[in-house]
Amino acid sequence: QQKKENIRSLTMSGHVGFESLPDQLVNRSIQQGFCFNILCVGETGIGKSTLIDTLFNTNFEDHESSHFYPHVRLKAQTYELQESNVRLKLTIVNTVGFGDQINKEESYQPIVDYIDAQFEAYLQEELKIKRCLFNYHDSRIHVCLYFISPTGHSLKTLDLLTMKNLDSKVNIIPVIAKADAISKTELQKFKIKLMSELVSNGVQIYQFPTDDETIAKINSSMNAHLPFAVVGSMDEVKVGNKMVKARQYPWGVVQVENENHCDFVKLREMLICTNMEDLREQTHSRHYELYRRCKLEELGFKDVGPENKPVRLQSTYYFSRSYNFRGKGLKKQETFSTLYLFKILKHEPPFKQSERILQAKFEHLKRVHHEERVKLEEKRRLLEEEMAAFSKKKATCEIFQNQSFLATGSKKDKDRKK
Ligand code: GTP
Ligand code: MG
């Protein structure tokens with residue numbers, strides 16, 4: 001009876017106002033501003049800077065690189081842009097010296113390291129007691145534009161190797177650079193060849209998402225156009241009575257924004273207008289999540305223990321600490337877990353703390369016991385295998401012995417007969 005009196009009834013006609021939540025979100029995002037980080041991977045002079053300038057219609061004034069660097073390097077530059085009232089912090093990371101070394105086997109490594117370093121910085125910020133994720137400058141790479149040379153042949157080993165090593169860490173959008181260097185019919189064949197090579201080598205490139213029905217149609221049709229064949233230029237040429245961005249040649253004009261000439265507009269639409277938020281989201285929920293999971297597992301954290309029971313952070317802490325005491329040198333785990341334990345225990349009453357500590361010790365002992373049992377069982381299995389091998393050898397020896405005994409016996413018989 002009393003319960004019924006406490007129920008609040010809202011009239012169907014009353015306006016509550018939570019329908020304005022999306023607007024509140026939009027306002028907050030606009031105030032906060034956005035950040036987007038693009039990694040351009042491609043050989044020196046392939047047209048990376050020109051394409052970025054053309055994409056954002058801005059002269060970012062990037063210096064050209066020499067072909068004589070002994071190693072691949074990454075160069076990051078951040079710019080603040082504004083379009084109407086939306087602010088964008090744009091970071092462009094370019095490879096320097098990519099494809100210039102004689103031995104290109106390790107060319108992808110600095111790129112992998114760079115991407116990981118940005119994930120690591122974010123993870124460290126997340127693990128701090130006083131986190132500042134709200135105004136943290138997120139430097140994680142949201143998209144990698146991979147520039148393919150317009151050879152018309154196929155992918156180079158360097159391209160395959162690099163993309164293969166990056167595909168689990170970043171959203172890759174491959175582009176055919178300087179597409180004005182390849183004829184229309186060759187381009188179609190080249191695109192098909194590239195896609196089949198990527199598929200047969202198991203390289204995962206970013207697919208424009210088709211789960212949101214408002215953009216599903218355009219995205220799925222654009223997926224079929226990958227890799228985009230692009231032309232970059234900041235030069236303006238008069239075509240008809242309009243000035244357009246183009247590259248002028250003695251035999252004609254290639255218009256950057258003309259869809260009959262290249263896929264530049266498609267790339268800009270897909271990258272900036274339609275899927276920028278999805279690229280940011282995928283970076284966080286897929287690539288960063290994978291990095292974070294591997295890193296935490298590497299540091300000894302587990303969600304479930306040996307008997308599929310949930311493992312609490314404190315147990316991991318005691319486990320790693322006792323390893324340290326036993327001189328196994330897991331220094332990294334120690335500091336890492338101390339951070340967690342400190343966070344957890346800080347606000348608890350002392351008896352609760354002792355209970356947790358005891359519980360953790362108990363769980364740790366159980367784990368040590370289990371691990372030792374597993375080790376013992378493994379030793380027993382090895383011993384049994386050794387015993388089996390020994391018996392087999394013994395049996396073979398006995399057969400040989402018998403055979404030689406019979407042979408010498410029959411020889412003696414023959415001698416005696418003689
Ligand atoms: P580095 O930063 O030095 O590695 O070079 P980059 O990859 O940034 O190339 P950049 O944009 O500086 O372009 C190198 C040269 O290629 C310039 O002369 C550009 O004008 C030319 N270029 C850029 N884009 C295109 C294109 O789409 N087609 C053609 N034909 N040339 C282009
Ligand atoms: Mg450049």
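Predicted, not measured: the structure shown is a model, and the values here were computed from it. Numbers here simply count residues along the sequence, with the first being 1. Numbering of ligands and ligand atoms starts at 1, following listing order.
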Problem set entry | Heavy-atom gap Gly42 to ligand 1 smaller than 4.0 Å | no
Problem set entry | Atom indices of ligand 1, in the order listed, that fall short of 4.0 Å to a heavy atom of Val231 | 27 (O)
For this session: Identify, for atom 6 (P) of ligand 1, the protein heavy atom at the shortest distance, and state residue, atom and that distance.
Result: Lys48 N, 3.5 Å
Problem set entry | Any donor-acceptor pair under 3.5 Å from Gln101 side chain to Gly97 backbone | yes
For this session: Sort and list the pairs that fulfil salt bridge (Lys or Arg N to Asp or Glu O under 4.0 Å) and have at least one residue in residues 186-214, not counting sequence neighbours.
Result: Lys191-Asp263
Seminar exercise, completed: Any protein N, O or S atom under 2.8 Å from the Mg ion (ligand 2)? Found Ser49 OG
Exercise. Thr44 heavy atoms, cut-off 4.0 Å: which ligand 1 atoms fall inside?
Worked result: 3 (O), 4 (O)
For this session: Look at atom CD of Gln204 and say whether more than 12 heavy atoms of other residues, nucleotides or ligands are closer to it than 6.0 Å.
Result: no
Seminar exercise, completed: Applied to residues 141-167, the ring pair (Phe, Tyr, Trp, His ring centres under 6.0 Å) test, sequence neighbours excluded, yields Phe36-His142
Exercise. What residue and atom, counting heavy atoms only, is the protein's closest point to atom 20 (O) of ligand 1, and at what distance?
Worked result: Arg247 NH2, 3.3 Å
For this session: Scan residues 38-93 for pairs that pass ring pair (Phe, Tyr, Trp, His ring centres under 6.0 Å), counting only residues two or more places apart or in two chains.
Result: Phe60-Tyr79
Exercise. For the side chain of Asn37 and the backbone of Asp138, is there at least one donor-acceptor N/O pair under 3.5 Å apart?
Worked result: yes
Seminar exercise, completed: If you compare Asp180, Val230, Ile176, Asp53 by their heavy atoms, the one closest to atom 28 (N) of ligand 1 turns out to be Asp180
Seminar exercise, completed: In terms of heavy-atom contacts, Lys48 and Glu43 come closest through NZ-O, 2.9 Å
Exercise. Can you find a side-chain donor-acceptor pair between Asp100 and Thr44 that sits under 3.5 Å?
Worked result: yes
For this session: If you have a sec, work out which protein heavy atom is nearest atom 5 (O) of ligand 1 and how many Å separate them, to one decimal?
Result: Gly45 N, 3.0 Å
For this session: Output the list of atoms in ligand 1 that are nearer than 4.0 Å to some heavy atom of Glu64, sorted by atom number.
Result: 3 (O)
Exercise. Which atoms of ligand 1 sit under 4.0 Å from any heavy atom of Gly232?
Worked result: 24 (N), 25 (C), 26 (C), 27 (O)
For this session: Would you kindly check if the NZ (Lys) or CZ (Arg) of Arg140 is within the cone defined by 45 degrees around the ring axis of Tyr288 and under 6.0 Å from the six-membered ring centre?
Result: yes
Seminar exercise, completed: Restricting to heavy atoms, the pick from Val256, Thr54, Thr50, Ile46 nearest atom 19 (C) of ligand 1 would be Thr50
For this session: Would you kindly say whether Gln24 and Ser20 are connected by a side-chain donor-acceptor distance under 3.5 Å?
Result: yes
For this session: Work out whether the distance between some heavy atom of Asn94 and some atom of ligand 1 is less than 4.0 Å.
Result: no
Exercise. When you measure from atom 16 (O) of ligand 1 to every protein heavy atom, which one gives the shortest distance, and what is it?
Worked result: Lys178 NZ, 3.0 Å
Exercise. What about Phe208 and Tyr206, are their ring centers closer than 6.0 Å?
Worked result: yes
Seminar exercise, completed: Check: of Ser65, Ala229, Ala179, Ser233, min heavy-atom distance to atom 3 (O) of ligand 1 comes from Ser65
For this session: Check whether any heavy atom of Tyr249 sits under 4.0 Å from an atom of ligand 1.
Result: yes
Exercise. Any idea which protein heavy atom is nearest atom 9 (O) of ligand 1, and the distance to it?
Worked result: Gly47 N, 3.1 Å
Exercise. Is there a protein heavy atom less than 4.0 Å away from atom 23 (C) of ligand 1?
Worked result: yes
Exercise. Going by an N to O cut-off under 4.0 Å, is there a salt bridge joining Arg247 and Asp235?
Worked result: no
Problem set entry | Flag, side chain of His287 to backbone of Gln282, donor-acceptor distance under 3.5 Å | no
For this session: Return the residue, atom name and 0.1 Å-rounded distance of the protein heavy atom closest to atom 8 (O) of ligand 1.
Result: Ser49 OG, 2.7 Å
Exercise. Between the side chain of Arg286 and the main-chain N/O of Lys169, is any donor-acceptor distance below 3.5 Å?
Worked result: no
